[in-house]
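Structure record follows, encoded as structure tokens.
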Amino acid sequence: MTAIHPSPLAVTAPAHPVAAPVSLPPILYGYLGNGYEKGLGRQGGLTDALSQLTTVILLKRSPASPSSPRYRPTVERLRENLFIVHNAFALRFSRLGRRIGKPAGLLDGRWLHTALASAGITDYIYWLTDSSPAMLWGMRLTRLLYDCIDPCFVPADQPRVDRQEFALARRAKLIFATAESLAARMRTVNPNVHLLPNACSTDTLHAPPAHADLPQLRDRPRPIVGCMSTYDWRFDADIVYHTAKQLPDITFALVGRINADQEHRIAPLRSLPNVLLPGAVSYDDGLLWTSAFDIGLIPFLPGAISDAVNPVKMYMYLAAGKPVVSTHIHECTQNPFVRTARTPKELAAAIRAAAADRTPEAAARHIRFATKNRWQDRAAAAARILAAKGFGPAASAHGAP
């Protein structure tokens, strides 16, 4: 589980409304994932906020039900201004479609446009977060936007990702990037790049009471240094282990799924009495755990890949009024409300300083920062840029694929 959720401090923060700054065509959001219609992560949070400004149509590869047509897309209206297309691009990504290639994409692209037209949608901005060339087949590309949200996390795949991503970036009319290093990378092939960092959902989540009563935390010493994440190769197990050894009077709660190939790296942490590893938790239990944290921890291995990540959890911990400590990754070093460290000694000192800074005044500062960095703010900024770059309703939407 990677989503981090704020405590009631964030929910009760002063409203910070963002009015629609411009008029935009509908946005066809090409992510093809699952769960983002529930408002989770960047895809969910940003598309939810964009739907407050214009119509947003989410693409979902899976069908609406087992009885749905095998390849034909269907459009469902989730609420005002928000639609989802089930079976999106099902043919081109099927076993048959992969054999046929581009003709399959042209055919199910036609099916997609027919389904959209039946819902009254004939014009769109094509917002892609996937660099697969197949996502372009049969689509209108006059308003093609690429949202570069993450680096390549598998070094062996980097050459393939470079070819695909740079080819898409060259064709895009506009590029957003979540992190400074991603923006710099995209500018090597396209000058029309804008930074659009991640954010938080301070006014949409309903968290349980702070310091919820979790059996695993009863009689545990405070403060609780907590991390909600998936523990893969990017987790800096070594620095967390040596830091936790230095701070036996502080509890470390590392909540979330541990990938099987990381068990050998996690094993030393299991031996420490002040470290809790409860494993994967449900959405609701994630709310309980996060509300119980006193300090938010971001323990990524330093390096170029982590430097290209703008952590959503950084914003969400702050939205909860929590102090935040992190390993030395670029996007965290740029935030004045995050303490960063390069060594276990520095991280232990940062945690001590954060523990001493858990005051109502500090919590209010964190929440004020979060209320200026909501998904609604990012959507409004994106809309202004889109309008300035000619993505408004007057632009032609019928460019050749």
Item to complete: Say whether, by atom type as modelled, one donor and one acceptor occur between the side chain of D377 and the main chain of R374 under 3.5 angstrom.
Response: yes

Worksheet, complete the sentence: Tightest non-hydrogen contact, residues M314 and V324, listed as O-CG2, 4.3 Å

Practice prompt. Output yes when R143 and D123 qualify as a salt bridge under the 4.0 Å nitrogen-oxygen rule, no when they do not.
Written response: yes

Discussion item. Has S51 got a side-chain atom pairing as donor or acceptor with N81's backbone, closer than 3.5 angstrom?
Written reply: no

Practice prompt. Mark yes or no: R98 above the aromatic ring of F93, with NZ or CZ under 6.0 Å from the six-membered ring centre and no more than 45 degrees from the axis.
Written response: no

Response to the item:
Correct closest heavy-atom pair for A169 and V189 would be CB-CG2, 3.6 Å

Practice prompt. Report yes if some heavy atom in the side chain of L128 is under 4.5 Å from a heavy atom in the side chain of L144; otherwise report no.
Written response: yes

Worksheet item: Salt bridge between D294 and K322, side-chain N to carboxylate O under 4.0 Å?
Response: no

Discussion item. Atom CZ of residue position R342 - does it have more than 12 heavy atoms of other residues, nucleotides or ligands inside 6.0 Å?
Written reply: no

Worksheet entry | D249 with R222: basic N within carboxylate O range, under 4.0 Å | no

Discussion item. If I take atom CG from residue D108 and atom CE from residue M139, how far apart are they, to the nearest 0.5 angstrom?
Written reply: 9.0 Å

Worksheet item: Do D162 and Q158 have side-chain N/O donor and acceptor atoms under 3.5 Å apart?
Response: yes

Discussion item. For R220, is there any backbone N or O sitting under 3.5 Å from a side-chain donor or acceptor partner on T251?
Written reply: no

Worksheet entry | Nearest heavy-atom neighbours spanning V309 and P151 | CG2-CD, 4.0 Å

Worksheet item: So, do W137 and F89 have ring centers that fall under 6.0 Å from each other?
Response: no

Practice prompt. May I ask you to say whether E263 pairs ionically with R270, meaning some side-chain N is under 4.0 Å from a carboxylate O?
Written response: yes

Worksheet item: So with a 6.0 Å cut-off around CZ of R110, is the heavy-atom count from everything else above 12?
Response: no

Discussion item. On a heavy-atom basis, which atom in L269 and which in V275 lie closest, and how many Å separate them?
Written reply: O-CB, 3.6 Å

Fill in: Short side-chain to backbone donor-acceptor contact, D236 and I239, under 3.5 Å
yes

Worksheet entry | Short side-chain to backbone donor-acceptor contact, R160 and D157, under 3.5 Å | no

Worksheet item: Are the side chain of N198 and the backbone of N310 linked by a donor-acceptor contact shorter than 3.5 Å?
Response: yes

Worksheet item: Which heavy atom in G105 sits nearest to a heavy atom in R92, and how many Å separate them?
Response: O-NH2, 2.8 Å

Discussion item. Regarding R42 and D150, does a basic nitrogen lie under 4.0 Å from an acidic carboxylate oxygen?
Written reply: no

Worksheet item: Around atom CZ of R70, are there more than 12 heavy atoms of other residues, nucleotides or ligands at under 6.0 Å?
Response: no

Worksheet item: Is the H328 to F300 ring centre distance short of 6.0 Å?
Response: no

Item to complete: Over all heavy atoms of both residues, which pair between T371 and R368 is shortest? Give the atoms and the distance, please.
Response: OG1-O, 2.9 Å

Discussion item. Which label fits Y124 and Y126: parallel for a plane angle under 30°, tilted from 30 to 60°, or perpendicular past 60°?
Written reply: perpendicular

Worksheet entry | Test item: side-chain donor near acceptor, W127 and D147, under 3.5 Å | yes

Worksheet item: Got a donor-acceptor contact below 3.5 angstrom from the D307 side chain to the I329 backbone?
Response: no

Worksheet item: Hey, does L386 have a side-chain heavy atom less than 4.5 Å from the side chain of L145?
Response: yes

Worksheet item: Do Y146 and E165 have side-chain atoms, one donor and one acceptor, less than 3.5 Å apart?
Response: yes

Fill in: Pairing of D238 and R265 as salt bridge, 4.0 angstrom limit
no

Worksheet entry | Aromatic ring pairing F337/F369, orientation class (parallel under 30°, perpendicular over 60°, tilted between) | tilted

